[in-house]
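Accompanying notes for the structure given below.
All residue numbers in this chain count up from 1 along the given sequence. Every number for a ligand or one of its atoms is a count from 1 in the order of the listing.
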Amino acid sequence: MPADMRSRLGPVELPNPVLAASGCAGAGRELAQFIDIARVGAIVSRSIMTEPRTGNPAPRLAETPSGLLNSAGLPGPGIDAFLQRDLPWLLSRGGRVVVSIAGQTIREYGALASRLSGAAGVSAVEINLSCPNAEDAGRPFALEPEAGSSVVAVVRGSLRTDVPVFAKLSPDVTDIVAMAAACLASGADGLSLINVLLAMAIDAWTTSPALAGAYGGLSGPAIRPVAVRCIWQVREAFPDVPIIGTGGVRTGRDALELLLAGASLVGVGTAIVNDPSACSRVLRELEEEMAVIGADRVADVIGMAHGARGRVPRGLARRP
Ligand code: DHB
């Protein structure tokens, strides 16, 4: 019998735990020629800001071993276009939508949350805390528990619905659990772990930084072990808090690893760049991986590694 893949995004039920992570699938339209949007657990939109933005100058992408560096600079159409054009399109395709929001000030996050309050069909809001805080010398909100928790409090207070709020944290902190605690204390219902790592590459041929903005965010398989560690630590501290795990998931086995660490949902991001059907493939592979370990329900594997150090899975003999 096929495994029961139904998953929970806070109070919302999703058909499966595989999400398109923020940033790599736009607002979903780009994926529709490759996959059935309705089959993806949910589409997390690229981070929406109040105004349209073109983003940073090129080059803003660079490849690194097992990773992708990017400094896109949060390009996007702005909240009005998202609400008028992208959200209705996603819903018309039967998609479930998590809206990622990004602001340069706490006020901007509040304004975005207010706008989303009136929008039907939003399954959850994900707060991208990795934006430079315009009021604090450009330091990202995600680096200080006080800054991050202030954003969460304003978003929660500005949403006039009980739509679940997930705070997306940066791994670039010494204590991810302290950051998680601050966001949960301010009203986050769940956490997204992890955003990109701040990184840099230099082109030895041109002798210049590979990206126009010098620094960028590292994503892809290179960061998966960091994601596993962060998810593990937060799950140990807050076993009942839902976690959207993201970071270098390319295969069903990678997705299973994040679930075993404690994520209840798994986002596929950078893998979409060279395989636009990655969400469907990862879901199919995850079902196969679950059969191998003899798991009948997604709910049974979430955080399983915490109680099972040294356990021999039922289906281990069949594992290639
Ligand atoms: C950008 C923002 C992010 O939060 C991220 O994870 C990667 C890139 C950006 O648009 O620059």
Side-chain angles (χ1 to χ4, degrees), residues 19-27 30 43-64 67-79 81-82 86 98-105 108-109 112 125-134 138-144 147-148 151-152 155 165-173 176 179 183 188 191-201 209-224 226-227 230-231 244-249 258 266-273:
L19 315 186
S22 180
C24 295
E30 290 89 336
I43 305 282
V44 188
S45 73
R46 90 181 108 205
S47 294
I48 309 294
M49 302 188 78
T50 47
E51 301 301 325
R53 287 162 61 93
T54 50
N56 288 339
R60 51 193 200 181
L61 282 181
E63 276 191 78
T64 62
L68 181 68
L69 259 183
N70 99 84
S71 71
L74 295 162
I79 186 81
F82 175 77
D86 297 331
V98 176
V99 183
S100 169
I101 57 172
Q104 285 178 299
T105 59
E108 184 173 0
Y109 283 100
L112 289 159
V125 172
E126 182 177 87
I127 311 176
N128 181 351
L129 292 170
S130 293
C131 315
N133 178 351
R139 273 180 72 70
F141 292 94
L143 300 190
E144 322 285 351
V151 172
V152 173
V155 169
V165 169
F166 282 72
K168 187 160 187 177
L169 305 189
S170 163
D172 292 339
V173 291
I176 192 84
M179 197 68 210
C183 291
L191 301 162
S192 296
L193 302 168
I194 56 175
N195 209 320
V196 292
L197 279 78
L198 186 64
M200 183 173 179
L211 300 176
Y215 311 125
L218 183 65
S219 61
I223 74 166
R224 200 178 74 245
V226 182
C230 290
I231 294 165
I244 301 175
T246 50
V249 171
L258 268 55
V266 176
V268 178
T270 303
I272 292 174
V273 176

Original post:
Only one of Thr246, Val196, Val273 clears side-chain contact (heavy atoms from CB on, under 4.5 Å) with Ser219; which?
Top reply: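 Single side-chain contact (heavy atoms from CB on, under 4.5 Å) partner of Ser219 among Thr246, Val196, Val273: Val196.
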Which residue holds the protein heavy atom closest to [atom], what is that atom called, and what is the gap in Å?
atom	answer
atom 6 (O) of ligand 1	Asn195 OD1, 2.3 Å
atom 1 (C) of ligand 1	Asn70 OD1, 4.2 Å
atom 2 (C) of ligand 1	Leu74 CD2, 3.8 Å

Original post:
Which atom names give the shortest non-hydrogen contact between Asp172 and Ser170, and what distance separates them?
Top reply: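 Heavy atoms only, the tightest pair is N-OG, 2.9 Å.
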**OP:** Grab the two heavy atoms, one from Ser47 and one from Ala102, that are nearest each other, plus how far apart they are.
**Re:**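 What the structure gives for the nearest pair is CB-CB, 3.7 Å.
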Original post:
Looking at Val196, which atoms of ligand 1 are within less than 4.0 Å of one of its heavy atoms?
Top reply: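 Listed by number with element, the hits are 5 (C), 6 (O).
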Original post:
Would Ala72 count as a contact of ligand 1 if the rule is a heavy atom under 4.0 Å away?
Top reply: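 The answer is yes: ligand 1 sits under 4.0 Å from a heavy atom of Ala72.
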**OP:** Please verify whether a non-hydrogen atom of Gly73 lies at under 4.0 Å from ligand 1.
**Re:**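 The answer is yes, since Gly73 has a heavy atom less than 4.0 Å from ligand 1.
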Any chance you could measure [X], atom [atom1], to [Y], atom [atom2], to the nearest 0.5 Å?
X	Y	atom1	atom2	value
Leu193	Met179	CG	CE	11.0 Å
Leu19	Ile43	CG	CD1	8.5 Å
Met200	Leu218	CE	CG	13.5 Å

Original post:
Do Asn128 and ligand 1 have an N or O pair less than 3.5 Å apart?
Top reply: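 Yes.
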Original post:
Counting heavy atoms only, which part of Ser71 comes closer than 4.0 Å to ligand 1: side chain, backbone, both or neither?
Top reply: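 Just the backbone.
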